[in-house]
Amino acid sequence: MTNFVHCRGCGHQIHETAPTCPKCGAPQAVASQLASTTHAPLAGTLGPYGSIPWFRQRWALVCMFLVFAPAAVVVAWSGEIYYLAGTTIKTFPKSAKIIMTVITALLLIALAGDDEAFQGFAGMTIIGGAIGLSIRK
Ligand SMILES: [Zn+2]
């Protein structure tokens with residue numbers, strides 16, 4: 001697929017990556033910079049982010065946390081958890097891991113007990129914690 005833009009000088013149709021207009025010679029720097037800022041960062045960050053193991057990506061950790069919190073805690077503490085913030089790859093702060101661990105500990109204590117109300121509370125806590133982690137920036 002090729003994309004054409006209009007020359008900034010004469011309006012002649014030229015290729016979007018052309019540095020100058022072949023007809024009038026006007027520089028097209030702004031147009032080509034715009035093209036590179038719209039496409040390049042996305043392609044540049046999705047590449048490295050895609051190479052991160054699936055279980056170290058935030059969505060996987062949140063899913064794991066919902067299904068089996070202790071496994072998510074082990075993954076979180078054995079390495080970094082990565083997520084995309086805009087076009088930047090970021091990692092979970094230690095505070096998020098500590099919160100996860102505390103919630104998991106409370107959940108395990110609750111599940112070990114007989115109190116149904118407490119178990120319900122633990123279920124709500126783990127879902128809330130997962131939602132909190134998923135929207136955290
Ligand atoms: Zn031109």
Side-chain angles (χ1 to χ4, degrees):
M1 290 289 285
T2 53
N3 292 306
F4 291 92
V5 294
H6 292 282
C7 167
R8 285 152 48 78
C10 67
H12 184 72
Q13 209 175 48
I14 57 170
H15 194 264
E16 65 170 359
T17 59
T20 57
C21 173
K23 199 178 181 188
C24 73
Q28 308 295 318
V30 174
S32 59
Q33 270 171 13
L34 267 177
S36 62
T37 48
T38 10
H39 303 297
L42 199 63
T45 50
L46 282 179
Y49 188 71
S51 66
I52 293 166
W54 66 270
F55 60 89
R56 295 225 168 274
Q57 294 181 17
R58 184 175 56 178
W59 66 268
L61 192 83
V62 171
C63 290
M64 246 190 287
F65 198 62
L66 281 168
V67 177
F68 194 51
V73 170
V74 169
V75 172
W77 285 108
S78 62
E80 295 295 345
I81 303 303
Y82 302 89
Y83 64 98
L84 276 177
T87 54
T88 318
I89 297 175
K90 293 192 170 183
T91 55
F92 265 27
K94 193 165 258 183
S95 59
K97 296 181 181 181
I98 292 169
I99 291 166
M100 275 180 58
T101 309
V102 170
I103 291 170
T104 305
L106 286 173
L107 180 82
L108 292 176
I109 293 166
L111 291 179
D114 295 330
D115 193 335
E116 277 181 29
F118 195 27
Q119 286 175 354
F121 167 75
M124 294 301 288
T125 304
I126 200 170
I127 292 166
I131 292 168
L133 286 172
S134 71
I135 61 173
R136 192 190 171 89
K137 289 286 176 218

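- Residues Gly25 and Thr20 approach most closely at O-CB, 4.0 Å, considering heavy atoms.
- In terms of modelled atom types and a separation under 3.5 Å, the side chain of Gln28 and the main chain of Arg8 share a donor-acceptor contact.
- Sorted by first then second residue, the side-chain hydrogen bond (donor to acceptor under 3.5 Å, both in side chains) pairs that include residues 61-77, not counting sequence neighbours, are Trp77-Thr101.
- Partner of Val73 under the side chain to side chain contact (heavy atoms under 4.5 Å, CB included) criterion, chosen from Ile103, Val102, Thr104: Thr104.
- A distance of 10.5 Å separates NE2 in His6 from NE2 in His12, rounded to the nearest 0.5 Å.
- Rounded to the nearest 0.5 angstrom, Phe4 CZ and His15 NE2 are separated by 5.5 Å.
- Listed by first then second residue, pairs satisfying salt bridge (charged side-chain N to carboxylate O under 4.0 Å, His left out) with a partner in residues 71-86 read Glu80-Lys97, not counting sequence neighbours.
- Looking at heavy atoms from C-beta onward, Thr91 lies out of side-chain contact with Ile81 at the 4.5 angstrom threshold.
- Taking all atoms of both residues into account, the shortest heavy-atom contact from Ile14 to Cys21 is CG2-SG, 4.0 Å.
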